[in-house]
Amino acid sequence: MKPLDSALFWIEFVMRHKGAAHLRTESDRLPWYSYHSVDVMLFLAGITLLIFMTFAALWDVAVVHRILLNKTN
């Protein structure tokens, strides 16, 4: 059997049996939010927001503390 005949046989075999499930990618079965990594992006955005809010709060405390020190002097 020639290589071309073997390749044609297997192509036709796959077509007859409606594809090869073991060769399909798993991304076909993922929900859209996992496929596009929305859950990861939201997690990273939440962590970034948490860090930003922490620094903003610390900055406010430092500014208020500096103002109070200037008033007492």
Side-chain angles (χ1 to χ4, degrees):
M1 183 178 254
K2 295 180 185 176
L4 181 60
D5 293 332
S6 178
L8 283 175
F9 168 78
W10 286 110
I11 290 171
E12 290 172 353
F13 179 83
V14 169
M15 289 171 58
R16 267 195 312 270
H17 296 284
K18 297 190 180 9
H22 65 286
L23 295 177
R24 290 196 183 127
T25 179
E26 286 293 318
S27 65
D28 290 341
R29 295 184 202 100
L30 285 176
W32 67 271
Y33 53 86
S34 291
Y35 181 78
H36 295 290
S37 298
V38 174
D39 50 350
V40 174
M41 287 188 284
L42 287 175
F43 175 75
L44 293 176
I47 295 297
T48 304
L49 184 64
L50 181 68
I51 291 170
F52 177 75
M53 296 296 285
T54 302
F55 280 121
L58 290 173
W59 182 263
D60 285 344
V61 167
V63 168
V64 168
H65 183 67
R66 190 177 323 141
I67 290 171
L68 290 177
L69 282 177
N70 287 339
K71 284 185 177 181
T72 59
N73 290 335

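This structure is a prediction, so every number in the text was calculated from the model and none was measured.
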Between the NZ atom in Lys2 and the CG atom in Leu8, the distance rounded to the nearest 0.5 Å is 11.5 Å
Distance-only criterion, 3.5 Å: show the donor-acceptor pairs between side-chain atoms of residues 47-64 and protein atoms not counting sequence neighbours.
residue	atom	partner	partner atom	Å
Thr48	OG1	Leu44	O	2.8
Thr54	OG1	Leu50	O	2.8

Count the heavy atoms belonging to other residues, nucleotides or ligands that lie under 6.0 Å from CZ of Phe43, then report whether that count exceeds 12. no
TODO: Using the ring pair (Phe, Tyr, Trp, His ring centres under 6.0 Å) rule, take Tyr35 and Trp32 through it: C-alpha gap first, then chi angles, then the decisive distance, then the call.
DONE: CA-CA 5 Å; Tyr35 181 78; Trp32 67 271; over 10 Å; no
The side-chain contact (heavy atoms from CB on, under 4.5 Å) partners of Pro31 (sequence neighbours excluded) come to Tyr33, Ser34
Correct closest heavy-atom pair for Met41 and His36 would be CE-O, 3.3 Å
side-chain hydrogen bond (donor to acceptor under 3.5 Å, both in side chains) pairs touching residues 14-30, sequence neighbours excluded, are Thr25-Ser27, Glu26-Arg29
